Amino acid sequence: MLGIVFTTLVDMLEEKISPEFADEVLVEADLENEGAFTAVGYYPFSEMEKILAVQVNKTGQSADELLYGFGEYLFGVLAKAHGEVMTGKITILDVLESLDNDIHVQVRKLYPDADLPSFKVMSRTQNSIELEYHSQRDLFKLAEGLIDGAAKHLGNVVTHHVQSTNEPHTYIIRVDME
């Protein structure tokens, strides 16, 4: 996984809870690198799983709740750091429609080894979009948080409906703008 995901997670824990809490989580997770992440590094997904497990234990929140909240937070950080990928995107539907063919292309230029999920556009109208989401990892709730974070960033109000498929870590997502 990209280092920026880990550094942003630590920043969020420090900001939203406390620096002491972030340190406790990193220590209890017993990480290979003892929590010394850099934004440009790459780290095993298993390290994220360890951090998430400690957070679940310490907060009592579910992994899905934590991933969703982190996704919302992560979008704001990514939008500030890489706002150029949002150029010309007026609505969340524009963002979602351009994920694989534009935004992820730009991300791969910056992070060539990034293992990104795919978002295949199934249909699009003026007020809705239906996508097939697929990832190698079980991080759909993170993606859902990113989608809602992007919608809020753009001032859009959305609802979404999710349907799982027979394929692992693959979902059909319909996002409607109100």
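None of the values given here were measured: they were computed from a predicted structure. Just so you know, these numbers use all the heavy atoms, side chains as well, and skip hydrogens, waters and symmetry mates. The residues of the chain are indexed from 1 along the displayed sequence.
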Shortest non-hydrogen contact from Asn101 toward Val105:
O-CG2, 3.7 Å

According to a 4.5 Å side-chain heavy-atom criterion applied to Ile, Leu, Val, Met, Phe, Trp and Tyr, with indirect links allowed, do Met177 and Ile147 form part of one hydrophobic cluster?
yes

Taking Leu154 as the starting point, is it possible to reach Val121 by hopping between hydrophobic residues whose side chains are less than 4.5 Å apart?
yes

Between CG on residue Leu116 and CG on residue Leu2, distance to nearest 0.5 Å:
6.5 Å

For Glu132, side-chain hydrogen bond (donor to acceptor under 3.5 Å, both in side chains) partners two or more places apart:
none

Partner set under side-chain hydrogen bond (donor to acceptor under 3.5 Å, both in side chains) for Ser128, not counting sequence neighbours
Thr125

dist Asn156:CG -> Leu93:CG (nearest 0.5 Å) comes out at 7.0 Å

side-chain hydrogen bond (donor to acceptor under 3.5 Å, both in side chains) partners for Tyr171, two or more places apart:
none

Can you list, pair by pair, the side-chain donor-acceptor contacts under 3.5 Å of residues 8-15, counting residues two or more places apart and other chains?
{"from": "Thr8", "atom 1": "OG1", "to": "Ile4", "atom 2": "O", "distance (Å)": "2.6"}
{"from": "Glu15", "atom 1": "OE1", "to": "Tyr73", "atom 2": "OH", "distance (Å)": "2.9"}

May I have all residue pairs that pass salt bridge (charged side-chain N to carboxylate O under 4.0 Å, His left out) and include part of residues 146-168, sequence neighbours excluded?
Glu72-Lys152

Partners meeting side chain to side chain contact (heavy atoms under 4.5 Å, CB included) with Val56 (sequence neighbours left out):
Ala63, Leu66

Main chain of Phe119, side chain of Asp100: is a donor-acceptor contact present, judged purely on distance under 3.5 Å?
yes

So Asn33 and Glu47, side-chain contact (heavy atoms from CB on, under 4.5 Å) or not? Walk me through it.
CA-CA 9 Å; Asn33 67 351; Glu47 298 294 87; 4.2 Å; yes

Hey, could you give me the CD1/CE distance between Ile173 and Met122, rounded to the nearest 0.5 Å?
11.0 Å

List in chain and number order the residues that pass side-chain hydrogen bond (donor to acceptor under 3.5 Å, both in side chains) with Arg137, two or more places apart in sequence or in another chain; answer none if no residue qualifies.
Asp115

By the ring pair (Phe, Tyr, Trp, His ring centres under 6.0 Å) test, which pairs, at least two apart or in different chains, include something from residues 35-67?
Phe6-Phe37, Phe6-Tyr43, Phe37-Tyr43

When you look at Asp94 and Arg124, which way does the side-chain contact (heavy atoms from CB on, under 4.5 Å) test go after all the steps?
CA-CA 10 Å; Asp94 297 332; Arg124 162 106 194 244; 3.3 Å; yes

Please name all residues satisfying side chain to side chain contact (heavy atoms under 4.5 Å, CB included) with Glu144, sequence neighbours left out, ordered by chain then number.
Tyr68, Phe140, Lys141, His160, Val162

Taking the side chain as everything from C-beta on, heavy atoms only, tell me whether Asp176 gets closer than 4.5 Å to His161.
yes

Does some side-chain heavy atom of Leu139 sit less than 4.5 Å from a side-chain heavy atom of Met1?
yes

So salt bridge (charged side-chain N to carboxylate O under 4.0 Å, His left out) across residues 17-37, not counting sequence neighbours, yields Glu24-Lys58, Glu28-Lys58

For Val158 and Ala151 the tightest heavy-atom approach is CG2-CB, 3.9 Å

For His134, which residues count as a side chain to side chain contact (heavy atoms under 4.5 Å, CB included) partner, sequence neighbours excluded?
Ser118, Gln136, Thr170

Smallest heavy-atom separation, Ala143 atom then Tyr133 atom, equals CB-CE1, 3.7 Å

Tell me, please, which residues at least two apart from Ala29 pass side chain to side chain contact (heavy atoms under 4.5 Å, CB included).
Leu31, Lys50, Ile51, Val54

Please determine whether the number of non-hydrogen atoms from other residues, nucleotides or ligands lying under 6.0 Å from atom CZ of Arg174 exceeds 12.
no

